[in-house]
Amino acid sequence: MEGRQIQLAVDFFDLDRMADSGQCFRWEKIDANHYRIPAFGKLLTISQPTPDLIQADCSPQDWQRVWAPYFDMDTDYPAIVREIDPQDSYLQAAAKVSYGMRILRQELWETMLSFIISQNNNIPRIKQIIQRLCDAFGKFPEADVIASSSIATLRELGLGYRASYLLEAAGHYLRDQQDKRFGPGDYAQWRLYLQSYKGIGVKVADCICLFSLGHKEAFPIDTWIRKIMNDYYGGHFPIERYAKCAGVLQQYMFYYERTRSRGNTGKENA
DNA sequence: TGCCAGGCTTCAC
DNA sequence: GTGAAGCATGGC
């Protein structure tokens with residue numbers, strides 16, 4: 001702690017809901033009100049004493065340069081919520097329960113690694129595996145660290161059959177980085193490119209597009225979303241109506257449904 | 001104890 | 001292109 005502390009007035013910002021949203025797996029809850037969030041080589045300690053106020057241990061410059069983009073502070077989420085079909089009571093309810101949840105813009109490699117691990121897996125175990133990776137390698141393993149690791153090592157950390165996917169993905173990522181093949185691209189280009197990785201299919205590619213690259217039109221369909229679409233939308237969610245923000249609404253439905261299945265509101269004190 | 005999880009690859013058709 | 005099997009592991 002370097003004694004720096006900023007306070008910011010916020011709107012539509014809820015740390016607890018973002019922490020429990022299934023888009024990030026390394027936030028650490030220190031106590032009832034504080035989180036430690038690692039990203040971009042930095043560690044942010046942040047709290048939210050009231051719904052419209054946050055306190056963070058960073059400089060105003062770091063907030064502007066690193067954390068405001070990370071929390072996607074430039075996007076007008078209330079405007080997205082206002083676009084929801086007033087007749088769609090399910091989606092209205094989902095948005096209400098998810099109030100304050102923003103779509104994070106996380107680092108690309110971390111998001112790729114996390115969602116390769118996420119396949120056919122549950123969130124508590126995804127967190128555990130990523131924690132074991134960090135413990136085993138001393139910190140979050142960058143692609144070169146994974147690439148110079150071995151299947152056996154990764155298997156010992158509980159990755160199961162995903163160990164080979166991750167190992168291959170790391171090598172692939174490094175080669176493309178050296179070839180400078182990463183660059184600006186639209187959603188369709190990125191989605192296709194990501195699927196060229198072994199272990200990344202349509203759903204994981206969409207998660208990376210949404211939770212790292214900021215492509216809010218990405219609409220990941222996992223087992224939860226598929227069930228929601230079948231139960232409430234006759235098998236088809238009207239993505240076309242929400243062209244540029246379907247992914248945000250997808251996240252609200254995902255959060256809402258998981259919250260309901262656990263029999264609470266998602267906030268211990270709500 | 002089984003079923004399931006922010007699915008994917010492979011193979012048969 | 002579509003469908004089904006197989007996959008590692010452990011949460012619930």
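By convention in this document, chain letters (A, B, ...) are assigned in the order of the sequence lines, proteins followed by strands, and residues within each chain are numbered from 1.
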How many whole angstroms separate atom [atom1] of [X] from atom [atom2] of [N]?
| X | N | atom1 | atom2 | result |
| --- | --- | --- | --- | --- |
| Asn121(A) | dG10(C) | CG | C1' | 8 Å |
| Phe115(A) | dA5(B) | CZ | C1' | 13 Å |
| Ile129(A) | dA8(C) | CD1 | P | 13 Å |
| Ile228(A) | dG6(B) | CD1 | P | 12 Å |

Ring-on-base stacking dG6(B) with Phe254(A) (under 5.5 Å, under 30°):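 It does: the two rings, one from Phe254(A) and one from dG6(B), meet the stacking criterion.
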Listed nucleotide nearest any side-chain atom of Gln119(A), set dT9(B), dA5(B), dG7(B):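 Of the options given, the side chain of Gln119(A) lies nearest dG7(B).
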Thr223(A) side chain, from C-beta outward: closest of dG6(B), dG7(B), dT9(C):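 That would be dG7(B).
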Side-chain N or O of Gln128(A) closer than 4.0 Å to phosphate OP1/OP2 of dG11(C):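 It does, given that an N or O in the side chain of Gln128(A) lies less than 4.0 Å from OP1 or OP2 of dG11(C).
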Taking atom [atom1] in both [N] and [M], what distance in whole Å separates the two?
| N | M | atom1 | answer |
| --- | --- | --- | --- |
| dC11(B) | dA8(C) | P | 14 Å |
| dA5(C) | dC4(B) | P | 15 Å |
| dG6(B) | dG6(C) | P | 24 Å |

Mutual orientation of the aromatic rings belonging to Tyr242(A) and Phe237(A) [parallel < 30°, tilted 30-60°, perpendicular > 60°]: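 Ring orientation of Tyr242(A) relative to Phe237(A): parallel.
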Parallel, tilted or perpendicular: rings of Tyr252(A) and Phe12(A) (30°, 60°):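 Geometry flag for Tyr252(A) against Phe12(A): tilted rings.
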Exercise: do Tyr90(A) and Asp231(A) side chains pair donor with acceptor under 3.5 Å: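 No, no side-chain donor-acceptor pair sits under 3.5 Å.
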